[in-house]
Amino acid sequence: MKKWLLIIIAMSLMLIAPALSKRHEAEWNNRTYEMIMPYDEIEVWLQEENETDVWKQLKEAGLTTVSVEAETLDSLEKSGHVLLLKMDEFKHTLVLLNETVDHIPSRGLVVYPLDQTFPIVSSLQATFGDDVKAVQVNGKTYYIIEGNAKKIERVPLGYDEMKMARLIGQGLMVVLRIPDARDMNEANVRVLQQIETLKNEHTFKLLPTGEEVAGYPTDVEKWGKRWKKAGYALLSTEFYEAKGLTTLAKAMDVNVVRLHSLNLEQRKPNEAVDVAIRAIKERNIRALFIRPYTSAETVQNIEKTVAVMKQIFQHMPSHYTLGKSEPFAPIERSPIATIGFIVGATAFIFLAIRSLVSPLLAFVAAGGAFVLGIAGTVLSIDLALKALALLVAIVTPIYAAKPSSVREGWRGTFMAYGRAIAISFVGISWIVAMLYGNEYIAYVGEGFRGVKLVYVVPLVAMVVLVLPSIIQESLLPFIKRLWKHPITIGHVVVSFFIFALLAYYVLRSGNTGTASALELAARQKLEEWLYVRPRTKEFLLGFPAYMLALFVINKQKKLGSILLVVGTIGWLSMINTFTHLHIPLFISFIRTMYSLGLGLLIGIVLIYVYEWVWKKVIR
């Protein structure tokens, strides 16, 4: 049976190989990134410094694109196009001018246009309708808008097309920022319609603002389809998702470019450069949104911002080019690849559970895997595929780390290490083939679920599997005896220490984990030397411990079993590397090969140290 299952797995891997190759090709062929800055930040510089010099410095530093928001009364006042008065201020003005106006509302905002470079009056009338009242005071026309003044200031009035034309004239591309749904009113549909008409070869990307995408909660899909038809792509900001963004992205056929927002005020210059480069090469980011320095004088802010941008451009790996970023080419899994991963994953799960637990449970697990695969593909139940991927991700590191038998000596150790590598890559192939498509590359939605489970469950399972070898008795009698044993202070202290270690291990895993300053410095050096750094828990802990476990398990079963548990950390971390589906496949592969190679070398050193200690000290 094992022989036939291995043949099925081998054939399945051949069926899914083209899909894996296609994903790598889509990632590798998309290596153009752009640098974006918000116009409202640049506008401050343009008002205080020579406009030509400012644009020249920014473009020489690598600026390719400027983001533009729909104008509001607040933005028009800041740029000097209107004068805004609260109701109390307007009433005081009337007293000073000895003028009277009938029926002044108790709350609202008064607008006085200073110029007509933006169609202020028509925009106010179209947006606020009957709430706008024109009054004459001392020969001048003021516009009173009844309502909440703070909300009125934020309502989008439309995009300044003259401003956009000037930016395009500077040789720059323009990104339109989609308004926050909370700032919209019923008449603002014309602003969303205006977006459709502004699409051209220089304006072709949209970037949502605020906490809710315009149209949320009912009309997001409608607008997404219209903007997709107009030819727009969507910018998705890393580590932040507005409500309705996933719906909008899917309505636009996942025509998405990943963006990283880099606030220079919050980072040291060298750190900002490192973060930007790492985002481009390691996380499929293709747009950098540069928020410039603002805390010093204007000249200093420009100089410091330009310096960081130049450093980003100069230190970016040579195979990435600055220019017009594009969404990843569409990738779709073929029916053959679908059959391949369903059959292959089912056989793999059966083989793993049969080896680790029992044939009966193997049939149950394999049946469950097959049902999940069919439900996820035939019935298009996304959660079913994610559940199957999670099952494979949990089982694979346990199956890889728990050898059925190990020959004594170096040959047996290397063969068992190679077996674990092969099993891990087989499991990884299923996961990548299951969670397949542009939504995973672009990280639209939740991606792979259960990262923390993959860090914990295989470790706990391995403890359960090797515990009989450590305690030298069956598990059930040991648990019964332990349950009846009186609890001492020592037990409480040890338990607290174990749980604290486990909590630290889980909390520092993933994107939100923390590391010491020394470790961060070491990571940076490794990245400089190796292009991409291997994971510390793999090459310094998991894989060396696993190598030593394989070497000693026939001589010292207890020590070998304990080291197998530690070694499991390497294999589950390796699986987790590939479940971060927005990371390019070649980056994950290089990182893993470094970890496996360095872990092997350090493991060999550990074995020699163990042999010396065994001969000179223990014996």
Could you tell me whether Arg286 and Glu326 have a side-chain N and a carboxylate O separated by less than 4.0 Å? no

If you measure only the distance, is there a donor-acceptor pair under 3.5 Å linking the side chains of His81 and Asp115? yes

Side chains of Glu241 and Thr246 only: does a donor on one sit below 3.5 Å from an acceptor on the other? yes

Would you check if there is a donor-acceptor pair between the side chains of Glu161 and Gln194 at a distance under 3.5 Å? yes

So, Arg226 and Glu196, do they make that salt bridge, N to O below 4.0 Å? yes

Does atom NZ of Lys78 have more than 12 heavy-atom neighbours, drawn from other residues, nucleotides or ligands, at distances under 6.0 Å? no

Can a side-chain donor-acceptor contact be found between Thr72 and Asp74 if the only test is distance below 3.5 angstrom? no

Looking only at the side chains, is there a donor atom on one of Ser295 and Glu265 sitting less than 3.5 Å from an acceptor on the other? yes

Identify whether the distance between the nearest side-chain nitrogen and carboxylate oxygen of Arg278 and Asp274 falls below 4.0 Å. no

Minimum side-chain heavy-atom gap Ile178-Leu248 below 4.5 Å: yes

Given side chains that start at C-beta, do those of Leu262 and Ile312 come closer than 4.5 Å, heavy atoms only? yes

Any side-chain heavy atom of Tyr320 sitting closer than 4.5 Å to one from Thr32? no

Salt bridge (charged side-chain N to carboxylate O under 4.0 Å, His left out) with Arg258: of Glu238, Glu34, Glu282, only one passes, and it is Glu238

For Tyr142 and Phe90, I'd like to know if the aromatic rings sit close, meaning centre-to-centre distance below 6.0 Å. yes

Report yes or no: is the cationic atom of Lys537 (NZ for Lys, CZ for Arg) under 6.0 Å from the centre of the six-membered ring of Phe543, at an angle within 45° of the ring normal? no

Glu153 with Lys86: basic N within carboxylate O range, under 4.0 Å: yes

Tell me, yes or no, whether the heavy-atom count around Lys304 atom NZ, taken from other residues, nucleotides or ligands under 6.0 Å, exceeds 12. yes

Between Phe589 and Phe425, what is the ring plane arrangement, given parallel below 30°, perpendicular above 60°, and tilted in between? tilted

Distance-only polar pair, side chains of Glu538 and Ser573, donor-acceptor under 3.5 Å: yes

Chi angles and distances behind the side chain to side chain contact (heavy atoms under 4.5 Å, CB included) call for Gln116, Val121: CA-CA 9 Å; Gln116 288 298 322; Val121 176; 4.1 Å; yes

When you check the side-chain N and O atoms of Glu49 and Thr298, is any donor under 3.5 Å from an acceptor? no

Answer yes when Arg182 and Asp180 have at least one side-chain N-carboxylate O distance shorter than 4.0 Å, and no when they do not. yes

Does the Arg177 side chain pair with the main chain of Ala70, one donor and one acceptor, at a distance under 3.5 Å? no

Modelled atom types, side-chain donor and acceptor of Ser588 and His580, under 3.5 Å: no

Counting neighbours of CZ on Phe313 that are heavy atoms of other residues, nucleotides or ligands and sit closer than 6.0 Å, is the number greater than 12? no

Ring-plane angle category for His319 and Tyr531, please: parallel below 30°, perpendicular beyond 60°, tilted otherwise. tilted

Side chains of Arg535 and Thr577: donor-acceptor distance under 3.5 Å anywhere? yes

Side chains of Tyr39 and Val175: does their closest heavy-atom pair fall under 4.5 Å? no

More than 12 heavy atoms from other groups under 6.0 Å of CD on Glu332: no

Backbone of Phe328 reached by a side-chain donor or acceptor of Asn438 within 3.5 Å: yes

Side chains of Thr237 and Phe289 in contact at under 4.5 Å (non-hydrogen atoms): no

Contact summary for Tyr293 and Arg267, nearest pair of heavy atoms: OH-O, 4.2 Å

